[in-house]
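Step one of this worksheet: look at the structure below.
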Amino acid sequence: MVSDIVLSLAGRDKGMCFIVLRQEGQWLWLANGKARRAECPKRKKSKHTTRLGRCDDWTCSRIRETGRLSNSEIRKVLAAWQGAGPVSDSN
């Protein structure tokens with residue numbers, strides 16, 4: 001689930017898209033590069049989100065290798081995904 005794009009279903013951020021930076025059990029750490037920056041990601045239960053799709057391969061590998069993205073990279077990924085629609089899963 002790390003590097004997936006999710007939609008918040010509950011809370012003040014309801015309706016906002018995020019990238020999953022980290023997952024531990026039922027908790028997800030989410031960032032969108034604006035209101036929730038990579039330095040201070042939002043901790044949210046996975047049941048309060050829905051998966052929209054996968055990030056591109058470059059972003060996935062970058063998160064898995066280094067464990068972080070810059071805020072501008074997060075914003076670019078979310079903007080590209082929202083403009084192009086979901087990336088198809090090959091799994």
Side-chain angles (χ1 to χ4, degrees):
M1 188 132 189
V2 172
S3 78
D4 282 350
I5 297 174
V6 297
L7 179 69
S8 175
L9 299 176
R12 281 187 269 187
D13 54 9
K14 182 178 180 179
M16 295 176 70
C17 291
F18 294 94
I19 291 182
V20 179
L21 298 179
R22 192 169 91 208
Q23 180 179 7
E24 288 180 14
Q26 65 180 347
W27 295 101
L28 305 175
W29 275 260
L30 310 173
N32 67 0
K34 292 180 186 175
R36 276 297 172 174
R37 300 177 64 79
E39 301 85 28
C40 187
K42 168 75 176 162
R43 187 179 86 158
K44 194 172 203 70
K45 286 188 177 181
S46 60
K47 70 179 181 179
H48 295 151
T49 64
T50 187
R51 183 179 182 272
L52 296 177
R54 246 184 60 212
C55 287
D56 58 13
D57 293 331
W58 181 85
T59 306
C60 293
S61 63
R62 174 93 188 243
I63 290 175
R64 292 169 204 260
E65 290 172 8
T66 64
R68 58 189 154 125
L69 290 172
S70 70
N71 292 308
S72 63
E73 291 168 338
I74 292 170
R75 288 191 304 268
K76 286 177 188 175
V77 168
L78 288 174
W81 190 88
Q82 289 172 342
V87 175
S88 63
D89 284 328
S90 60
N91 297 348

Is there a side-chain contact (heavy atoms from CB on, under 4.5 Å) between T49 and F18? Walk through the geometry before answering.
CA-CA 10 Å; T49 64; F18 294 94; over 6 Å; no

Taking every non-hydrogen atom, the tightest pair across [X] and [Y]:
X	Y	value
I5	C55	CG1-SG, 3.8 Å
C60	R54	SG-NE, 4.3 Å
V2	R64	O-NH2, 3.3 Å

For the [atom1] atom of [X] and the [atom2] atom of [Y], what is their distance to the nearest 0.5 Å?
X	Y	atom1	atom2	value
R75	S70	CZ	OG	7.5 Å
T50	D4	OG1	CG	10.5 Å
D57	S3	CG	OG	9.0 Å
D13	L7	CG	CG	9.5 Å
T59	W81	OG1	CH2	13.5 Å

Please examine the side chains of S8 and K44, heavy atoms only from C-beta on, and report whether any two atoms are closer than 4.5 Å.
yes

Any chance you could lay out the side-chain contact (heavy atoms from CB on, under 4.5 Å) test for L69 and R62, step after step, and finish with the verdict?
CA-CA 7 Å; L69 290 172; R62 174 93 188 243; 3.3 Å; yes

Is the backbone of A38 close enough, under 3.5 Å, to the side chain of N71 for a donor and an acceptor to pair up by distance?
yes

Do side-chain atoms of T66 reach the backbone of I63 as a donor and acceptor pair under 3.5 angstrom?
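Side chain of T66 to backbone of I63: no pair is present.
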
Do any side-chain atoms of residues 27-35 form donor-acceptor pairs under 3.5 angstrom with protein atoms, and if so which ones, sequence neighbours left out?
from	atom 1	to	atom 2	distance (Å)
N32	OD1	K34	N	3.0
N32	OD1	A35	N	3.2
N32	OD1	R36	N	3.0

